[in-house]
Structure formats: C-alpha cells, structure tokens
Visitor: 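Questions regarding the structure given below will be posed in turn.
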Amino acid sequence: MTRIVALASFAVLFSFPFVLGGGALALATEILVLLAIAQSWNLLAGYGGLLSLGHHAFVAVGAYLLFTVTRDVPISPYVMIPFCGVGAALLALVLTPILFRLREVYFAVGMWVAAEIVKIVVSRWDYFGASSGLPLYAARRIDTGLLPSMGYWLALVLAAALCIGLMWLERSPWGLHVHAMRDDEVAARSLGVKTDRIKAALFILSAAGCGMAGAIGFMGSLYVSPIAAFDINWTVYAIFICVIGGLGSIRGPVLGVLLFIALRETLSATPGWNLIALGLIAIALMMFAPKGLSGLITRFQTRPMATNKG
Amino acid sequence: MSIAFDILINGLFLGGLYALFGLGLTLIFGVMRIANIAHGEIAIAGALALFTLGAELPVHPLVLMPVVFALAFGVGWALQSQLVNKVLSPDPMPALLLTFGLSVVLQNLMVELYGANNRSIDIGPVKTASLEIGGFTLGYLPLAIFLLALGLFGLLHLGLQRTRLGRAIRATAQDGDIVALFGIRQRRIFALVMALAAGFAALAGMLLAMRSTITPFSGAERLLIAFEVIVIGGLGSIWASYLGGIALALVHVASFYFDPASGLLYGHLTLLLFLLLRPQGIAGKVVTR
C-alpha cells in the first residue's frame, strides 16, 4: 500500500515540468535541492550523531566541480552530477582523519573551519574563477530550453534516492549497527560495532549527497561564485529544516522543508526577521519538542495506546 | 630583525585578547562538555551594548565596561538556567542546536538593530598613543589589553584554585554527579560558568571594538578564533588557552604581514596542522571524557 502511494506521488512529482510554469518549477527544484541537502545533513546528524556547521563546503565543491570539469572536458553536465558527489565525498574522506580527532562537540566547529579553508582557497585561485566566479561554459553544448526540466528531474531523483536510502538504512543489518550506535555508543562498541567506521561512512555519504545537490542547484543558475556557493546559509537552512521537521527521521526533513519554504515565502519582505523567527522556533523546539514536527505527530498517534496501558 | 621583533610583540599583545575569547569556551567545555555556538555573537553583543550605553550616558566607555560585563554575566546566567540546563543530557546535540539557534537569532537581531556597518568604540587619544623604547614603538592600548587579559587569567586562576566556589567548579568539571552527592547544586555551577564565560566574551568583544572595528557579522569569526585558541593551546587548563591565544595571534600577525589578502587562512591551517600532528595542543593533557 505504502509502495503504491509512494509510486503514485513520484509519478505526480515527475510530471511537474509538463504542468508547471517556469517560476513554480524553479521553486519546486529549489525545494528538492534543499530537501536533498537537509536529508544529507540529517544522515550525519540524526543517524550518526555528528553535528556539522560546514556542510556548505560540500555543496560548493560539488557545484565548482561541475563548472570546472565541464569547462575543461567535453562531458555533459547531466552526466557530471554523480561525479560531483564523488568529488565531495573525496573531500570528506581527506578530512576524516583530521576532523575525527575532535570529539563530537567540536567536530561542528572544526568542520566550519575546514569549510572556511576551502572557501578562501577557491576564492583566491584563478582556475576556479577566483572571487568573481564562473559561468557554465558547458551550457553551449546542451539545449538550455530543457535545462530547467532536467534540473528538476535530477533534483527529484536525488531527493527520492536519499529518502529511499535512509529507508533502506533503517531496515538493513548495517542500519542496525547505526541504530545501536545512536542509542548507546559505548554499549554498541562493546558489542563489536565499529562506531568510528560507521561515522566516517555516514560523513562521506552525506558529503556526496550535498555535492550532488549543490551541482544541481547551481547548474540551474548557470553561474557559480564563492559567495553564493560557500554561503553558510546552506548549512543553516539544512539545520533549521531538520530541527523543525525532526532530526533522525525520514519524514522530518520532508515536513521541515515544506514548513521552511512556507515561512520564508510569508516573511519574504523581511529576510532578517525570517531567520530570527526560525532561530526562535529552533530554540523552542529543542526545549519542548526535540524531535520536531515528526516527533509531535508520533506523540499524537501513540497517545491513545499509552493511555490504554495506563 | 626589526620586522621579526614587531611581529613578535604585536602577536604577543594580540594573543592576550585572543586568549580572552577562548577562555569562556574552554570553561564551558571543561565543566559541561558542550560548546556555546553563540559565543562570538555574545562577544559582539557586548561591544554593541557598550556602544549604545556610551552614546546615551555622558561617561567614558572604560567606566561602562564593568556595567556591560555585569549585564553579560546576567545574560549568561539566564541563558544557562532558563534554557541550556533544560536540554542538557549525555548527548550534546540538543545543547549545541539550541545555542546554534541563539547565535542565528542574536546575529540577525544585531543586524536589524545596528545595520551592517563597521563600528569602533572611541576611547579618545589613548587609542593611538604609543611608547617608544629603543627605537621600537609599543601601542599603549594593545599593551594594556595584554596586561588586562593576563591579570584576568591570574584572578581566575586564583579563584579556581583558592576559593570554595573554585573548588566546586573544578570538582564539577571532574565528576558533576559525584559532586551533587556532596550537596553542591550542579546546575548552579553550570549557570555560574556560563555567566563567567559570557562576561569574558563580552569583555573581549569590547576590547576588540576598541582596538579595531566590528560588524554584527564578526561573531562567526570570533567563535572560530576562540575555538582555534583552545584546540591549539590544549584543553584542560586556562593557561593552555593563553598559550594558544599567543600562538594563533603570532600566526595571524605574521600572515597579515607577508600575505595581507589571506584573511584567517593560515590560522585555520595551523589548526589542521595541530589536529594532525599534536591533537592534544601545545600544553594540553590528554583529556578523557
């Protein structure tokens, strides 16, 4: 039953480019890109217990790989997207031995420092267009009329793949190890769960998701610059989306991104107050409902059972 | 030769200020095993508060500094006792996310209230006055800030080592649950530590705004500097943070001299180098949870 509903909604979402106008399709693409980034961040924070304040580095590295490689090599930008994920994953792989020396509290800030380093290096290097950025040279080789639709479909496939991947994670034997680690790390380790290896794997996978999302997001705008790509707001939005929707659940970021966009569109006249409101909501949720909207729904659903048990 | 001496002296003096930024963060981590992501924003809020008070009251900014310190102390106490204490658990995630939310709120609130312009606190001719010794010029203000930081570290050291309250803080850092059995209210110690950390952060922010300029966006880079200070210095002792502050400031001053466009790049790279080669920091003991 769930499978039929999922397939049907995927079919409906898949048909959007035939139905929606340009502006609505761009918004839908943006929602899916944000969902992909948030779901990747959720994979690391909600399942791995590691909070990162530097995931915008992976978004940016994915985007920059797309723009530089398709400039120098005659490869289609659409085909390049998965390799952008691989590139971001490689950056995470390189950072792992350094950042994993920090305990979880300081991993967050350490990751931010790593993002700053990549940002400064990219914005000083002519190969990456230095501080002025790069246009998508490969746009000459493709039919740009199809670009918005292709971008949307790629974002849809990525977001769906991340959600399905998390579903698989929750059911697989490896997922049991992840669960055990999340519930009690010391106990899990004593039973032979290799917690460090799990965390590294989640970190690398989450970087790959962000890299692909960044590449897709910036492909649509045909232009990438250090200020836009390394904007810490990519990370800030991902955190708010996960906190509002519920960390460590699959539907959390899905609910979160819809609420986030709704709030942003209502308060669009005052972007500063928009972030203030989101920050206050995050604080309140941490105090009263740390599992976010998703947790509130679960609480609401299970209340009758709880009273039956007395 | 004279360049090397200049870098050394300037690095040393700036290091005192950096150490003051790191001090609060290391206290919080040492006692509560969490980080305050809003640390930099509290520092900048302190500077902006002094700015507003100085404009309203006909008093010299230096006289108002203790007032702002007291205000920040109160804010820190309230933050811990009303918010952070309620989400503390063995899992640091909720506390981190809460202080992250606070940092976003504070930063955007400051932008809305003060605008994004550069600001500096004017303390009169002292700012540029300097002392000449053997052909070298030493600014009075950097020197005074260095000595003030040193004095504060000394006071805190005495407070932690010699007073009953200091002993309670050190004991809570070692094992908060056992300390609770001896009738010490753990959560009040936490509130005191957060209050002190906020006070020191605000003080560092005010001194920074006297030395150079700040914007409401400066909080982020201050958090990164504070973090680098305590990792490079080593966790586990306040004097380690002082060493870390001086080390990081030397790197910043030298890199500003040789590669002015690099920003904080070399400081960040120094952090990575330390994490790779000496993760316990310059003076740190290996800290186990």
Side-chain angles (χ1 to χ4, degrees), chain A residues 45-46 49-51 53 95 97-110 112-121 123-124 131 182-186 232-233 235-236 239-240 242-243 247-248 270-288 290-291, chain B residues 25 28-29 32-35 37-39 82-84 86-87 89-113 220-221 223-224 226-228 230-231 235 259 261-269 271-276 279-280 287 289:
Chain A
L50 282 175
L51 189 147
L53 291 175
L95 289 174
I98 304 170
L99 292 182
F100 278 43
R101 305 237 169 159
L102 293 162
R103 279 172 315 157
E104 56 256 273
V105 172
Y106 279 126
F107 173 83
V109 194
W112 193 353
V113 172
E116 284 292 313
I117 293 176
V118 182
K119 174 185 177 178
I120 300 174
V121 169
S123 51
R124 296 182 80 189
S131 56
R182 186 170 59 168
D183 291 343
D184 191 335
E185 195 176 330
V186 178
I232 190 165
N233 278 334
T235 304
V236 172
I239 298 178
F240 281 149
C242 290
V243 168
L247 205 57
T270 51
W273 291 103
N274 179 10
L275 280 167
I276 294 172
L278 282 166
L280 290 174
I281 292 173
I283 294 173
L285 282 172
M286 277 301 122
M287 305 273 305
F288 305 110
K291 295 207 159 139
Chain B
L25 217 52
I28 293 171
F29 181 77
M32 291 183 259
R33 299 284 183 268
I34 59 166
I37 306 290
H39 191 72
Q82 299 308 310
L83 299 175
V84 183
K86 306 208 164 133
V87 301
S89 70
D91 179 11
M93 185 76 81
L96 283 176
L97 286 171
L98 190 143
T99 57
F100 164 78
L102 182 70
S103 81
V104 173
V105 171
L106 278 179
Q107 190 202 78
N108 287 285
L109 213 55
M110 291 190 290
V111 175
E112 295 295 326
L113 294 176
E221 93 189 17
L223 171 70
L224 297 188
F227 163 71
E228 285 165 2
I230 67 175
V231 174
L235 296 162
D259 186 3
S262 62
L264 302 181
L265 177 63
Y266 295 100
H268 295 332
L269 290 173
L271 173 85
L272 289 201
L273 216 60
F274 264 91
L275 285 177
L276 261 179
Q280 73 272 36
V287 192
R289 177 186 282 266

Visitor: Using side-chain heavy atoms (C-beta onward) and a distance below 4.5 Å, is B:M93 in contact with A:P290?
Guide: no
Visitor: Identify the heavy atoms of A:R101 and B:L276 that sit nearest to each other, and give their distance.
Guide: NH1-O, 3.0 Å
Visitor: Within a strict 4.5 Å, meaning less than it, do heavy atoms of the A:I276 and B:E112 side chains meet?
Guide: yes
Visitor: Quick one: are B:F100 and A:T235 in side-chain contact, heavy atoms under 4.5 Å?
Guide: no
Visitor: So, taking the atom named CG in B:L102 and the one named CD1 in A:I283, what distance separates them when rounded to the nearest 0.5 Å?
Guide: 5.0 Å
Visitor: Chain B: which of A:V243, A:L102, A:L99 shares the most heavy-atom pairs with it under 4.5 Å?
Guide: A:L102
Visitor: Of all the heavy-atom pairs spanning B:P92 and A:V105, show the shortest one and how long it is.
Guide: CB-CG2, 3.8 Å
Visitor: Write down the atom of A:L280, the atom of B:V105, and the distance for their closest heavy-atom approach.
Guide: N-CG2, 3.5 Å
Visitor: With a 4.5 angstrom heavy-atom cut-off, is it the side chain or the backbone of A:I239 that approaches chain B, or both, or neither?
Guide: side chain
Visitor: Side chain, backbone, both or neither: which part of B:L271 has an atom under 4.5 Å from a heavy atom of chain A?
Guide: side chain
Visitor: At a 4.5 Å cut-off on heavy atoms, which part of A:V109 comes close to chain B: side chain, backbone, both, or neither?
Guide: both
Visitor: With a 4.5 angstrom heavy-atom cut-off, could you sort out which part of B:V84 is near chain A: side chain, backbone, both or neither?
Guide: neither
Visitor: Measuring heavy-atom distances to chain A, does B:I37 have an atom under 4.5 Å in its side chain, in its backbone, in both, or in neither?
Guide: side chain
Visitor: For the CG atom of A:D184 and the CG atom of B:D91, what is their distance to the nearest 0.5 Å?
Guide: 11.5 Å
Visitor: Between CZ of B:F227 and CG of A:L53, what distance do you get to the nearest 0.5 Å?
Guide: 10.0 Å
Visitor: Measure the shortest side-chain to side-chain distance between B:D259 and A:R124 over non-hydrogen atoms and say whether it is less than 4.5 angstrom.
Guide: yes
Visitor: Check whether B:V111 gets within reach of chain A through its side chain, its backbone, both or neither, counting any heavy atom under 4.5 Å.
Guide: neither
Visitor: Which answer fits A:F240, side chain, backbone, both or neither, if we ask what part of it has an atom under 4.5 Å from a heavy atom of chain B?
Guide: side chain
Visitor: Check each atom of A:A277 against the heavy atoms of chain B and say whether the ones under 4.5 Å are side chain, backbone, both or neither.
Guide: neither
Visitor: Any non-hydrogen side-chain atom of B:L223 less than 4.5 Å from a side-chain atom of A:W112?
Guide: yes
Visitor: If you measure from CG on A:L51 to CG on B:L96, what distance do you get to the nearest 0.5 Å?
Guide: 5.5 Å
Visitor: Where does B:Q107 contact chain A at under 4.5 Å (heavy atoms): side chain, backbone, both or neither?
Guide: neither
Visitor: Checking heavy atoms, do the side chain of B:A95, its backbone, both or neither come under 4.5 Å from chain A?
Guide: neither
Visitor: Quick one: what part of B:I28 sits under 4.5 Å from any heavy atom of chain A, side chain, backbone, both or neither?
Guide: neither
Visitor: Quick one: closest heavy-atom pair of A:L247 and B:L97, and the distance?
Guide: CD2-CD1, 3.9 Å
Visitor: Would B:E228 and A:V113 satisfy side chain to side chain contact (heavy atoms under 4.5 Å, CB included), going step by step from the backbone distance to the final call?
Guide: CA-CA 9 Å; B:E228 285 165 2; A:V113 172; 3.5 Å; yes
Visitor: Using non-hydrogen atoms and a 4.5 Å limit, figure out which bit of B:L269 sits close to chain A: side chain, backbone, both or neither.
Guide: both
Visitor: Which heavy atom of B:I34 sits nearest to which heavy atom of A:Y106, and what is that distance?
Guide: O-OH, 4.4 Å
Visitor: Under a 4.5 Å heavy-atom cutoff, which of A:L275, A:L285, A:L50 has the most pairs with chain B?
Guide: A:L275
Visitor: With a 4.5 angstrom heavy-atom cut-off, is it the side chain or the backbone of B:T99 that approaches chain A, or both, or neither?
Guide: neither
Visitor: What pair of heavy atoms forms the shortest contact from A:I117 to B:H268, and how long is it?
Guide: CG1-CB, 3.3 Å
Visitor: Once you round to the nearest 0.5 Å, how far does CG of B:N108 lie from CG of A:N274?
Guide: 9.0 Å
